[in-house]
Amino acid sequence: MKKPLIMTPGPTYVNEEVRRALSREITNPDLDLEFYEFYKETCNRIKKLLKTENDVLILSGEGILGLEAACASLIEPGDRVLVIDNGIFGSGFGDFVKMYGGEVEVFQSDYERAIDVERLEAFLEKDHDFKLATLVHCETPSGITNPVDKICPLLKKYGILSVVDSVSAVGGESLQTDEWQMDMVLGGSQKVLSAPPGLTFLSISEAAWDKVLNRKAPITGYYCNLSVWKDWYSKKWFPYTQPISDIYALRAAVDILFKDDKALERHKNIAEAVRKSLTAAGLKLYPKDGYSNTVTTFMVPEGTVFKDIYEEMLKEQGVMIAGAFGFLKEKVIRIGHMGENCYEEKIYITLKALDETLRKLRVDLKAELHRVFIENI
Ligand SMILES: *Cc1c(COP(=O)(O)O)cnc(C)c1O
(Lines give C-alpha, C1' and ligand atoms only; values in the text may rest on other atoms or scores of the structure.)
Protein backbone atom coordinates (compact mmCIF):
# COMPACT_ATOMS: atom_id res chain seq x y z
CA MET A 1 0.00 0.00 0.00
CA LYS A 2 1.19 3.51 -0.81
CA LYS A 3 2.29 5.44 2.26
CA PRO A 4 -0.11 8.23 3.17
CA LEU A 5 0.88 11.88 3.03
CA ILE A 6 1.49 12.75 6.68
CA MET A 7 0.06 16.20 7.33
CA THR A 8 -0.03 16.10 11.12
CA PRO A 9 1.47 18.84 13.30
CA GLY A 10 4.46 16.62 14.08
CA PRO A 11 6.00 14.26 13.43
CA THR A 12 6.40 15.80 10.00
CA TYR A 13 7.72 14.39 6.73
CA VAL A 14 11.40 13.50 6.89
CA ASN A 15 13.34 14.47 3.77
CA GLU A 16 15.41 11.81 2.02
CA GLU A 17 18.61 13.74 2.72
CA VAL A 18 17.83 13.56 6.43
CA ARG A 19 17.04 9.86 6.22
CA ARG A 20 20.33 9.31 4.44
CA ALA A 21 22.15 11.10 7.26
CA LEU A 22 20.62 8.54 9.65
CA SER A 23 22.38 5.78 7.79
CA ARG A 24 25.84 7.39 7.89
CA GLU A 25 28.57 5.23 9.32
CA ILE A 26 28.93 5.91 13.03
CA THR A 27 31.91 6.49 15.22
CA ASN A 28 32.30 6.19 18.98
CA PRO A 29 30.83 9.53 20.03
CA ASP A 30 32.50 9.41 23.45
CA LEU A 31 36.00 8.91 22.11
CA ASP A 32 36.04 10.50 18.67
CA LEU A 33 37.04 14.12 19.20
CA GLU A 34 35.70 15.06 15.82
CA PHE A 35 32.23 14.20 17.01
CA TYR A 36 32.54 16.81 19.80
CA GLU A 37 33.22 19.38 17.11
CA PHE A 38 30.30 18.14 15.05
CA TYR A 39 27.96 18.34 18.05
CA LYS A 40 29.22 21.84 18.90
CA GLU A 41 28.81 23.09 15.35
CA THR A 42 25.28 21.65 15.27
CA CYS A 43 24.54 23.57 18.49
CA ASN A 44 26.00 26.71 16.90
CA ARG A 45 23.64 26.40 13.97
CA ILE A 46 20.71 25.94 16.33
CA LYS A 47 21.85 29.08 18.15
CA LYS A 48 21.51 30.94 14.87
CA LEU A 49 18.03 29.54 14.44
CA LEU A 50 17.06 30.67 17.95
CA LYS A 51 18.87 34.01 17.53
CA THR A 52 20.87 33.58 20.69
CA GLU A 53 24.35 33.68 22.15
CA ASN A 54 23.19 31.47 25.03
CA ASP A 55 24.42 27.90 25.37
CA VAL A 56 22.50 25.33 23.37
CA LEU A 57 22.26 21.66 24.26
CA ILE A 58 20.82 18.68 22.42
CA LEU A 59 19.27 16.07 24.69
CA SER A 60 18.50 12.44 23.86
CA GLY A 61 14.78 12.30 24.16
CA GLU A 62 11.66 13.58 22.46
CA GLY A 63 10.44 17.19 23.01
CA ILE A 64 8.85 16.47 26.37
CA LEU A 65 12.31 15.78 27.82
CA GLY A 66 13.15 19.47 27.43
CA LEU A 67 10.10 20.51 29.44
CA GLU A 68 10.89 18.06 32.18
CA ALA A 69 14.63 18.84 32.22
CA ALA A 70 13.92 22.56 32.60
CA CYS A 71 11.59 21.93 35.54
CA ALA A 72 13.85 19.34 37.19
CA SER A 73 16.94 21.53 36.91
CA LEU A 74 15.47 24.91 37.86
CA ILE A 75 12.85 24.14 40.48
CA GLU A 76 13.63 23.49 44.13
CA PRO A 77 10.97 22.32 46.55
CA GLY A 78 8.80 25.23 47.60
CA ASP A 79 9.74 27.54 44.71
CA ARG A 80 6.84 29.60 43.46
CA VAL A 81 6.31 29.06 39.75
CA LEU A 82 3.91 30.95 37.51
CA VAL A 83 2.26 28.65 34.98
CA ILE A 84 0.93 30.75 32.12
CA ASP A 85 -1.88 28.70 30.67
CA ASN A 86 -4.10 29.08 27.63
CA GLY A 87 -4.17 25.48 26.47
CA ILE A 88 -3.30 21.84 26.96
CA PHE A 89 0.49 22.19 26.91
CA GLY A 90 0.39 25.33 29.05
CA SER A 91 -1.66 23.59 31.70
CA GLY A 92 0.39 20.39 31.42
CA PHE A 93 3.54 22.32 32.31
CA GLY A 94 2.04 22.73 35.78
CA ASP A 95 2.19 18.96 36.30
CA PHE A 96 5.96 18.94 35.75
CA VAL A 97 6.35 21.90 38.08
CA LYS A 98 4.48 20.04 40.85
CA MET A 99 6.41 16.83 40.20
CA TYR A 100 9.63 18.65 41.11
CA GLY A 101 8.21 20.32 44.20
CA GLY A 102 7.28 23.71 42.78
CA GLU A 103 4.32 25.65 44.09
CA VAL A 104 2.12 26.34 41.12
CA GLU A 105 0.29 29.59 40.59
CA VAL A 106 -1.73 29.43 37.39
CA PHE A 107 -2.38 32.49 35.29
CA GLN A 108 -5.20 31.33 33.09
CA SER A 109 -6.05 33.08 29.86
CA ASP A 110 -8.90 32.40 27.41
CA TYR A 111 -8.28 29.01 25.73
CA GLU A 112 -9.61 30.33 22.42
CA ARG A 113 -7.26 33.28 22.23
CA ALA A 114 -3.58 34.21 22.50
CA ILE A 115 -2.49 35.09 26.02
CA ASP A 116 -3.87 38.41 27.15
CA VAL A 117 -0.71 40.40 27.89
CA GLU A 118 -2.53 43.34 29.48
CA ARG A 119 -4.23 41.07 31.98
CA LEU A 120 -0.93 39.34 32.68
CA GLU A 121 0.66 42.72 33.27
CA ALA A 122 -2.06 43.63 35.77
CA PHE A 123 -1.67 40.26 37.46
CA LEU A 124 2.10 40.68 37.77
CA GLU A 125 1.77 44.14 39.25
CA LYS A 126 0.03 42.56 42.23
CA ASP A 127 2.01 39.34 42.47
CA HIS A 128 5.46 38.84 40.96
CA ASP A 129 7.32 36.85 43.54
CA PHE A 130 8.10 33.92 41.22
CA LYS A 131 11.39 32.20 40.48
CA LEU A 132 10.27 31.30 37.00
CA ALA A 133 7.33 31.19 34.67
CA THR A 134 6.45 28.50 32.15
CA LEU A 135 4.74 29.33 28.90
CA VAL A 136 4.04 27.86 25.48
CA HIS A 137 4.98 29.60 22.24
CA CYS A 138 2.58 27.66 20.02
CA GLU A 139 -0.27 25.73 21.64
CA THR A 140 -0.27 22.94 19.06
CA PRO A 141 -3.65 21.35 19.95
CA SER A 142 -5.57 24.62 19.59
CA GLY A 143 -3.37 26.19 16.89
CA ILE A 144 -2.62 29.35 18.85
CA THR A 145 0.66 31.24 18.88
CA ASN A 146 1.32 33.33 21.96
CA PRO A 147 3.06 36.74 22.04
CA VAL A 148 6.24 35.52 23.72
CA ASP A 149 7.93 38.68 22.38
CA LYS A 150 5.86 40.71 24.84
CA ILE A 151 5.54 38.20 27.67
CA CYS A 152 9.22 37.33 28.22
CA PRO A 153 10.49 40.93 28.55
CA LEU A 154 7.60 41.59 30.95
CA LEU A 155 8.63 38.64 33.11
CA LYS A 156 12.24 39.82 33.01
CA LYS A 157 11.15 43.22 34.33
CA TYR A 158 10.19 41.42 37.55
CA GLY A 159 13.28 39.19 37.54
CA ILE A 160 11.24 36.09 36.65
CA LEU A 161 12.99 33.49 34.51
CA SER A 162 11.07 32.39 31.43
CA VAL A 163 10.89 28.77 30.28
CA VAL A 164 9.30 28.67 26.85
CA ASP A 165 8.02 25.56 25.10
CA SER A 166 8.63 26.49 21.48
CA VAL A 167 8.57 22.86 20.29
CA SER A 168 6.00 23.41 17.54
CA ALA A 169 7.00 27.01 16.73
CA VAL A 170 10.77 27.26 16.40
CA GLY A 171 11.69 27.51 12.73
CA GLY A 172 8.15 28.42 11.67
CA GLU A 173 7.45 31.44 13.85
CA SER A 174 9.59 34.47 14.50
CA LEU A 175 11.80 33.82 17.52
CA GLN A 176 14.39 36.19 18.98
CA THR A 177 15.68 34.52 22.12
CA ASP A 178 18.14 37.22 23.17
CA GLU A 179 16.18 40.26 22.08
CA TRP A 180 13.08 38.98 23.86
CA GLN A 181 15.13 37.99 26.94
CA MET A 182 14.05 34.37 26.97
CA ASP A 183 15.91 32.27 29.54
CA MET A 184 15.13 28.81 28.28
CA VAL A 185 13.72 27.99 24.86
CA LEU A 186 12.77 24.38 24.19
CA GLY A 187 12.53 22.74 20.76
CA GLY A 188 12.04 19.27 19.33
CA SER A 189 13.39 17.46 16.29
CA GLN A 190 10.10 16.25 14.81
CA LYS A 191 8.17 19.48 14.28
CA VAL A 192 9.28 22.33 12.00
CA LEU A 193 12.82 20.95 11.68
CA SER A 194 11.36 17.78 10.21
CA ALA A 195 13.91 15.35 11.60
CA PRO A 196 12.83 12.04 13.15
CA PRO A 197 11.32 12.21 16.65
CA GLY A 198 13.79 11.59 19.45
CA LEU A 199 15.71 14.76 20.21
CA THR A 200 15.17 17.90 22.26
CA PHE A 201 17.25 21.02 21.87
CA LEU A 202 17.24 23.91 24.27
CA SER A 203 18.92 27.22 24.94
CA ILE A 204 19.82 28.31 28.43
CA SER A 205 20.78 31.81 29.58
CA GLU A 206 23.47 32.76 32.09
CA ALA A 207 20.74 33.61 34.63
CA ALA A 208 19.18 30.18 34.21
CA TRP A 209 22.57 28.43 34.46
CA ASP A 210 23.16 30.35 37.66
CA LYS A 211 19.96 28.92 39.20
CA VAL A 212 20.74 25.41 37.97
CA LEU A 213 24.29 25.42 39.35
CA ASN A 214 23.64 27.18 42.66
CA ARG A 215 20.88 25.23 44.34
CA LYS A 216 20.38 24.23 47.94
CA ALA A 217 18.58 21.01 47.11
CA PRO A 218 20.33 18.63 44.69
CA ILE A 219 18.66 17.96 41.35
CA THR A 220 16.54 14.81 41.32
CA GLY A 221 17.32 12.51 38.42
CA TYR A 222 20.15 12.35 35.92
CA TYR A 223 18.74 12.52 32.40
CA CYS A 224 16.85 15.69 33.34
CA ASN A 225 19.79 17.21 35.19
CA LEU A 226 21.22 19.97 33.02
CA SER A 227 24.11 20.69 35.39
CA VAL A 228 25.90 17.54 34.20
CA TRP A 229 26.25 19.26 30.82
CA LYS A 230 27.99 22.40 32.00
CA ASP A 231 31.52 21.63 30.80
CA TRP A 232 30.93 18.91 28.22
CA TYR A 233 32.96 20.67 25.55
CA SER A 234 36.00 21.80 27.53
CA LYS A 235 36.22 18.41 29.24
CA LYS A 236 35.38 16.50 26.05
CA TRP A 237 32.95 14.46 28.07
CA PHE A 238 29.31 13.65 27.36
CA PRO A 239 27.13 12.64 30.34
CA TYR A 240 25.98 9.62 28.35
CA THR A 241 26.62 8.16 24.92
CA GLN A 242 25.06 10.39 22.33
CA PRO A 243 22.50 9.10 19.80
CA ILE A 244 24.88 9.92 17.02
CA SER A 245 22.67 8.91 14.09
CA ASP A 246 19.81 11.07 15.33
CA ILE A 247 22.21 13.98 15.68
CA TYR A 248 23.51 13.49 12.12
CA ALA A 249 19.90 13.62 10.97
CA LEU A 250 19.12 16.71 13.04
CA ARG A 251 22.10 18.50 11.55
CA ALA A 252 21.02 17.63 8.01
CA ALA A 253 17.53 18.91 8.83
CA VAL A 254 18.84 22.19 10.28
CA ASP A 255 20.95 22.71 7.18
CA ILE A 256 17.96 22.16 4.91
CA LEU A 257 15.91 24.70 6.87
CA PHE A 258 18.76 27.23 6.59
CA LYS A 259 18.86 26.87 2.81
CA ASP A 260 15.45 28.54 2.68
CA ASP A 261 16.00 32.08 3.89
CA LYS A 262 12.29 32.75 3.43
CA ALA A 263 11.08 29.90 5.64
CA LEU A 264 9.20 32.19 8.03
CA GLU A 265 7.46 33.96 5.18
CA ARG A 266 6.54 30.61 3.64
CA HIS A 267 4.93 29.48 6.89
CA LYS A 268 3.02 32.72 7.27
CA ASN A 269 1.71 32.75 3.69
CA ILE A 270 0.66 29.11 3.69
CA ALA A 271 -1.05 29.42 7.08
CA GLU A 272 -3.00 32.49 5.93
CA ALA A 273 -4.13 30.82 2.73
CA VAL A 274 -5.22 27.68 4.63
CA ARG A 275 -7.34 29.79 6.97
CA LYS A 276 -8.88 31.72 4.07
CA SER A 277 -9.74 28.49 2.34
CA LEU A 278 -11.42 26.94 5.39
CA THR A 279 -13.41 30.02 6.33
CA ALA A 280 -14.49 30.75 2.73
CA ALA A 281 -15.97 27.24 2.64
CA GLY A 282 -17.91 27.99 5.83
CA LEU A 283 -15.78 25.95 8.22
CA LYS A 284 -15.04 27.38 11.63
CA LEU A 285 -11.54 27.92 12.99
CA TYR A 286 -11.06 26.99 16.63
CA PRO A 287 -9.07 30.06 17.73
CA LYS A 288 -10.57 33.52 17.77
CA ASP A 289 -7.15 35.14 17.42
CA GLY A 290 -3.45 34.29 17.71
CA TYR A 291 -3.59 31.99 14.67
CA SER A 292 -0.54 29.78 14.41
CA ASN A 293 1.69 29.75 11.34
CA THR A 294 2.55 26.09 11.82
CA VAL A 295 -0.79 24.39 12.53
CA THR A 296 -4.42 25.18 11.78
CA THR A 297 -7.14 23.87 14.08
CA PHE A 298 -10.77 23.96 12.96
CA MET A 299 -14.04 22.56 14.26
CA VAL A 300 -15.42 19.22 13.14
CA PRO A 301 -18.41 20.35 11.01
CA GLU A 302 -21.85 19.76 12.46
CA GLY A 303 -23.49 16.56 11.31
CA THR A 304 -20.16 14.71 11.01
CA VAL A 305 -17.83 13.02 13.46
CA PHE A 306 -14.07 13.23 13.56
CA LYS A 307 -13.51 9.51 13.08
CA ASP A 308 -15.38 9.43 9.76
CA ILE A 309 -13.42 12.35 8.38
CA TYR A 310 -10.11 10.93 9.59
CA GLU A 311 -10.72 7.49 8.12
CA GLU A 312 -12.05 8.72 4.82
CA MET A 313 -9.05 11.04 4.48
CA LEU A 314 -6.61 8.28 5.33
CA LYS A 315 -8.13 5.30 3.52
CA GLU A 316 -9.71 6.91 0.48
CA GLN A 317 -7.56 9.98 0.03
CA GLY A 318 -4.21 8.80 1.40
CA VAL A 319 -3.75 11.85 3.62
CA MET A 320 -3.21 11.68 7.36
CA ILE A 321 -4.53 14.65 9.29
CA ALA A 322 -4.82 14.94 13.06
CA GLY A 323 -7.45 15.39 15.69
CA ALA A 324 -6.53 16.62 19.13
CA PHE A 325 -6.67 15.36 22.68
CA GLY A 326 -7.83 16.47 26.10
CA PHE A 327 -10.85 18.77 25.98
CA LEU A 328 -10.50 19.10 22.20
CA LYS A 329 -10.78 15.36 21.54
CA GLU A 330 -13.30 14.61 18.76
CA LYS A 331 -14.07 18.34 18.50
CA VAL A 332 -11.39 19.61 16.13
CA ILE A 333 -9.34 18.71 13.09
CA ARG A 334 -5.77 19.83 12.66
CA ILE A 335 -3.66 20.32 9.57
CA GLY A 336 0.05 20.64 10.24
CA HIS A 337 1.81 23.00 7.85
CA MET A 338 5.25 23.08 9.36
CA GLY A 339 8.71 22.46 7.93
CA GLU A 340 8.68 19.87 5.15
CA ASN A 341 4.86 19.89 5.16
CA CYS A 342 4.68 23.61 4.54
CA TYR A 343 4.67 23.55 0.76
CA GLU A 344 1.93 24.66 -1.60
CA GLU A 345 1.69 21.30 -3.37
CA LYS A 346 1.19 19.26 -0.21
CA ILE A 347 -1.39 21.67 1.18
CA TYR A 348 -3.22 21.70 -2.14
CA ILE A 349 -3.43 17.90 -2.12
CA THR A 350 -4.59 17.95 1.51
CA LEU A 351 -7.30 20.54 0.96
CA LYS A 352 -8.54 18.86 -2.20
CA ALA A 353 -8.77 15.59 -0.29
CA LEU A 354 -10.57 17.33 2.55
CA ASP A 355 -12.96 18.99 0.12
CA GLU A 356 -13.89 15.63 -1.43
CA THR A 357 -14.14 13.97 1.97
CA LEU A 358 -16.45 16.57 3.48
CA ARG A 359 -18.70 16.65 0.42
CA LYS A 360 -18.96 12.87 0.54
CA LEU A 361 -19.99 13.18 4.19
CA ARG A 362 -22.65 15.69 3.10
CA VAL A 363 -21.11 18.78 4.58
CA ASP A 364 -22.40 21.83 2.74
CA LEU A 365 -19.21 23.62 1.66
CA LYS A 366 -19.63 27.17 0.39
CA ALA A 367 -16.45 27.13 -1.68
CA GLU A 368 -13.90 24.68 -3.00
CA LEU A 369 -11.15 24.44 -0.40
CA HIS A 370 -8.23 23.82 -2.75
CA ARG A 371 -9.37 26.48 -5.21
CA VAL A 372 -9.59 29.22 -2.58
CA PHE A 373 -6.20 28.15 -1.30
CA ILE A 374 -4.58 28.55 -4.73
CA GLU A 375 -6.25 31.92 -5.26
CA ASN A 376 -4.78 33.17 -2.02
CA ILE A 377 -1.28 31.81 -2.13
C1 LIG B 1 4.94 18.21 20.08
C2 LIG B 1 5.02 19.08 21.24
C3 LIG B 1 5.75 18.70 22.37
C4 LIG B 1 6.40 17.36 22.43
O5 LIG B 1 5.47 16.48 22.88
P6 LIG B 1 4.81 15.22 22.15
O7 LIG B 1 3.36 15.44 22.34
O8 LIG B 1 5.32 14.06 22.89
O9 LIG B 1 5.22 15.21 20.71
C10 LIG B 1 5.81 19.59 23.42
N11 LIG B 1 5.20 20.79 23.36
C12 LIG B 1 4.49 21.19 22.31
C13 LIG B 1 3.82 22.51 22.31
C14 LIG B 1 4.37 20.34 21.21
O15 LIG B 1 3.66 20.71 20.14
Side-chain angles (χ1 to χ4, degrees), residues 6-14 46 50 57-72 83-97 99 109 111 114-115 133-148 151-152 162-175 177 182 184-203 223-224 243 246 250 253 267 271 286-287 290-297 320-329 332-342:
I6 310 289
M7 295 302 291
T8 56
T12 42
Y13 175 78
V14 178
I46 294 172
L50 302 178
L57 298 171
I58 304 165
L59 307 181
S60 322
E62 191 273 339
I64 290 291
L65 176 64
L67 279 61
E68 186 165 354
C71 290
V83 171
I84 301 176
D85 164 26
N86 68 329
I88 291 170
F89 279 100
S91 139
F93 236 140
D95 298 334
F96 288 121
V97 172
M99 207 180 286
S109 203
Y111 270 33
I115 287 161
T134 63
L135 63 153
V136 179
H137 193 175
C138 170
E139 266 291 350
T140 330
S142 44
I144 292 174
T145 292
N146 284 315
V148 294
I151 299 170
C152 295
S162 53
V163 175
V164 184
D165 172 352
S166 187
V167 175
S168 64
V170 49
E173 300 277 5
S174 174
L175 176 61
T177 302
M182 304 162 91
M184 284 191 71
V185 176
L186 317 170
S189 53
Q190 84 279 26
K191 303 278 168 94
V192 181
L193 258 50
S194 303
L199 294 177
T200 288
F201 51 89
L202 58 86
S203 72
Y223 254 79
C224 288
D246 286 342
L250 181 71
H267 281 80
Y286 172 76
Y291 307 105
S292 159
N293 285 329
T294 57
V295 52
T296 294
T297 303
M320 184 188 278
I321 49 166
F325 37 88
F327 77 98
L328 290 173
K329 192 170 166 30
V332 298
I333 304 168
R334 293 185 298 160
I335 298 174
H337 33 79
M338 51 177 83
E340 288 285 344
N341 291 357
C342 189

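Indexing begins at 1, ligand by ligand and atom by atom, following the structure's order. Positions are given from 1 along the sequence.
For the pair Leu50 and Leu175, the minimum side-chain heavy-atom distance is below 4.5 Å. For the pair Val192/Val170, no side-chain contact is recorded, criterion being any heavy-atom separation below 4.5 Å from C-beta on.
Every heavy atom of Glu139 sits 4.0 Å or more from the atoms of ligand 1.
In terms of modelled atom types and a separation under 3.5 Å, the side chain of Glu139 and the main chain of Asn86 share no donor-acceptor contact. Panel note: side chain His337, backbone Asn293; a donor-acceptor pair is recorded below 3.5 Å. Looking at Ser91, its side chain never comes within 3.5 Å of a backbone N or O of Asp85 through a donor-acceptor pair. Judged by distance alone, the side chain of Ser168 and the main-chain N or O of Cys138 form a donor-acceptor pair under 3.5 Å. Within the 3.5 Å criterion, the main-chain N or O of Gln190 finds a donor-acceptor partner in the side chain of Thr12.
Each of the following atoms of ligand 1 lies closer than 4.0 Å to a heavy atom of Asp165: 10 (C), 11 (N), 12 (C), 13 (C). Under a 4.0 Å criterion applied to the non-hydrogen atoms of Ser168, ligand 1 contributes the atoms 15 (O). Under a 4.0 Å criterion applied to the non-hydrogen atoms of Thr140, ligand 1 contributes the atoms 12 (C), 13 (C), 14 (C), 15 (O). Numbered from 1 in the order shown, with element, the atoms of ligand 1 that lie under 4.0 Å from a heavy atom of Gln190 read 9 (O). In summary, the atoms of ligand 1 found under 4.0 Å from a heavy atom of Cys138, numbered by their order in the structure, are 13 (C). Interface atoms of ligand 1 facing Glu62, defined by a heavy-atom separation under 4.0 Å, are 4 (C), 5 (O), 6 (P), 8 (O), 9 (O).
Using cut-offs of 30° and 60° on the angle between ring planes, the pair Phe89 and Phe325 is perpendicular.
Of all protein heavy atoms, the one lying nearest to atom 14 (C) of ligand 1 is Lys191 NZ, 2.9 Å. Protein heavy atom in closest approach to atom 7 (O) of ligand 1: Phe89 CZ, 3.9 Å.
When heavy-atom distances to ligand 1 are checked against a 4.0 Å cut-off, Pro9 has no atom that comes that close, whether in backbone or side chain. When heavy-atom distances to ligand 1 are checked against a 4.0 Å cut-off, His137 has no atom that comes that close, whether in backbone or side chain.
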